[in-house]
Student: 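Please find one structure pasted underneath; my questions will follow.
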Amino acid sequence: MEKFKNKSRISKMLSQGELNYKDPRTGYIYTLCAVCPEDGHDCPVTSHDRDTEANRTRITRVIFACPACGNRFAAEPAEMYLM
């Protein structure tokens with residue numbers, strides 16, 4: 001499956017404390033990825049920070065790691081993709 005941008009869906013996922021999104025029509029589970037700023041490879045999530053307030057958990061930071069060069073970096077929702 002090709003990666004695609006959907007900033008509103010990604011922002012909503014993070015605000016709900018989710019790293020994955022299940023498409024209700026197809027059942028496909030999308031996960032977050034980002035492009036390495038060093039070499040342009042697609043990178044998976046390796047860690048994240050959560051914040052809990054008023055019984056609601058949200059993800060505040062997502063860290064990705066490049067499988068090619070090993071670079072670890074944080075990305076904003078506008079820089080993330082669903083894959």
Side-chain angles (χ1 to χ4, degrees):
M1 172 116 352
E2 291 290 318
K3 69 180 186 265
F4 65 95
K5 281 195 180 247
N6 187 333
K7 184 181 173 190
S8 62
R9 168 57 56 197
I10 292 169
S11 294
K12 185 174 180 179
M13 289 167 53
L14 297 176
S15 72
Q16 294 175 342
E18 302 292 331
L19 292 173
N20 299 308
Y21 168 68
K22 183 176 181 178
D23 187 323
R25 290 183 320 221
T26 65
Y28 187 82
I29 298 174
Y30 293 94
T31 189
L32 294 174
C33 73
V35 175
C36 179
E38 299 294 321
D39 61 19
H41 281 87
D42 292 338
C43 304
V45 173
T46 58
S47 64
H48 61 278
D49 294 338
R50 291 183 183 265
D51 182 34
T52 303
E53 53 186 54
N55 294 326
R56 183 172 168 203
T57 300
R58 64 186 177 98
I59 295 174
T60 57
R61 186 170 75 139
V62 182
I63 305 296
F64 298 86
C66 181
C69 71
N71 180 36
R72 290 177 50 91
F73 60 97
E76 296 297 320
E79 302 166 324
M80 295 180 202
Y81 294 87
L82 291 171
M83 181 182 248

Student: Take atom CD of Gln16 as the centre, draw a 6.0 Å sphere, and report whether it contains more than 12 heavy atoms from other residues, nucleotides or ligands.
Tutor: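 Correct, the count exceeds 12.
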
Student: Find the distance between CZ (Arg58) and CD (Glu53) and round it off to the nearest 0.5 Å.
Tutor: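 Atom-to-atom, Arg58:CZ and Glu53:CD are 5.0 Å apart.
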
Student: How would you list, by chain and number, every residue that makes a salt bridge (Lys or Arg N to Asp or Glu O under 4.0 Å) with Arg61, sequence neighbours excluded?
Tutor: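 Counting only residues at least two positions away or on another chain, Arg61 forms a salt bridge (Lys or Arg N to Asp or Glu O under 4.0 Å) with Asp49.
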
Student: Distance check, rounded to the nearest 0.5 Å: Asn71 atom CG versus His41 atom NE2?
Tutor: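 Asn71 atom CG to His41 atom NE2 measures 12.0 Å (nearest 0.5 Å).
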
Student: Could you tell me the separation between the NZ atom of Lys12 and the OH atom of Tyr21, rounded to the nearest 0.5 Å?
Tutor: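 If I round to the nearest 0.5 Å, the distance is 8.0 Å.
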
Student: Take atom NZ of Lys7 as the centre, draw a 6.0 Å sphere, and report whether it contains more than 12 heavy atoms from other residues, nucleotides or ligands.
Tutor: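 No - once you tally the heavy atoms of other residues, nucleotides and ligands closer than 6.0 Å, there are 12 at most.
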
Student: Hey, could you give me the SG/CZ distance between Cys66 and Phe73, rounded to the nearest 0.5 Å?
Tutor: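 With rounding to 0.5 Å, SG (Cys66) is 7.0 Å from CZ (Phe73).
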
Student: Excluding sequence neighbours, so at least two apart, what forms side chain to side chain donor-acceptor pair (under 3.5 Å) with Asp42?
Tutor: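 Asp42: side chain to side chain donor-acceptor pair (under 3.5 Å) contacts with Lys3.
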
Student: Restricting to non-hydrogen atoms, name the atom on Ala65 and the atom on Cys43 that form the minimum distance, rounded to 0.1 Å.
Tutor: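 Heavy atoms of Ala65 and Cys43 come nearest at O-CB, 3.4 Å.
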
Student: Measure the CE-OH distance between Met13 and Tyr30 for me, rounded to the nearest 0.5 Å.
Tutor: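 It comes to 11.5 Å.
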
Student: Working to the nearest 0.5 angstrom, can you tell me the gap between Leu32 CG and Met83 CE?
Tutor: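 Going from the CG atom of Leu32 to the CE atom of Met83 covers 11.5 Å.
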
Student: Could you report the tightest heavy-atom contact between Arg56 and Ser15, atom names first, then the distance?
Tutor: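 Scanning both residues, the minimum pair turns out to be NH2-O, 3.3 Å.
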
Student: Just wondering, do Pro67 and Cys36 contact through their side chains at under 4.5 Å, heavy atoms?
Tutor: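 Side-chain contact under 4.5 Å: no.
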
Student: Are Tyr28 and Phe4 grouped together when hydrophobic residues (ILVMFWY) are joined by side-chain heavy atoms under 4.5 angstrom apart?
Tutor: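 Yes, same cluster.
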
Student: Apart from Val35 itself, what residues make up its hydrophobic cluster, given side-chain heavy atom links below 4.5 Å?
Tutor: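 Same cluster as Val35: Tyr81.
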
Student: Taking side chain to side chain contact (heavy atoms under 4.5 Å, CB included) as the criterion, tell me which of Ile63, Leu19, Thr60 meets it with His48.
Tutor: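 For His48, the side chain to side chain contact (heavy atoms under 4.5 Å, CB included) test succeeds with only one of Ile63, Leu19, Thr60, which is Leu19.
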
Student: Is Arg50 reaching over with its side chain to a backbone N or O of Gly17, donor-acceptor style, under 3.5 angstrom?
Tutor: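 Indeed, once roles are kept as given, a pair shorter than 3.5 Å links the two residues.
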
